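From a predicted model like this one, the values you see are computed outputs, not experimental measurements.
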Amino acid sequence: MREIGNFSPRRSNTRVWEKGKRVVLTIYGRGFTSQIGILVNGVPLRQSLGLAQPFIVDDGKTQEKLDKDLKKEVDGTFERVDSNQLVASFRLDDI
């Protein structure tokens, strides 16, 4: 992986992807900004307050409208754990 400015992914962990099943991807590096985003097949994942805290929900209308506007081939979220780790959880209907 190559370094771009202060952003420098180093390695990632995942297991074999299976069609229709949820994938958990961990990306390690340095310099991950709080304004980072993750795209899967060109579709942005929603940023989560905490993947392990499913009861923290956005009760605003903005997220509901955004969900309707986004393509549904990818369903998932990601969390910036800190400036050295990102965790994404998503499901692809067609891989």
Between CZ on residue Arg80 and CD1 on residue Ile27, distance to nearest 0.5 Å: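 Answer for the CZ-CD1 pair, Arg80 versus Ile27, is 13.0 Å.
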Phe78 CZ to Leu39 CG distance, which is reported to the nearest 0.5 Å: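 That separation rounds to 9.5 Å.
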How about [X] and [Y]: do any of their side-chain heavy atoms sit closer than 4.5 Å?
X     : Y     : result
Leu25 : Val87 : no
Asp75 : Arg46 : yes
Leu86 : Ile38 : yes

Can you check whether Asn84's main-chain N or O pairs, donor with acceptor, with Asp82's side chain at less than 3.5 Å?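 Side chain of Asp82 to backbone of Asn84: a pair is present.
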Could you walk me through whether Phe32 and Gln85 pass side chain to side chain contact (heavy atoms under 4.5 Å, CB included), step by step? CA-CA 7 Å; Phe32 296 134; Gln85 183 180 3; 5.6 Å; no
Output, in order, the C-alpha distance, side-chain angles, deciding distance and verdict of side chain to side chain contact (heavy atoms under 4.5 Å, CB included) for Arg22 and Ser89. CA-CA 7 Å; Arg22 188 152 293 277; Ser89 174; 3.1 Å; yes
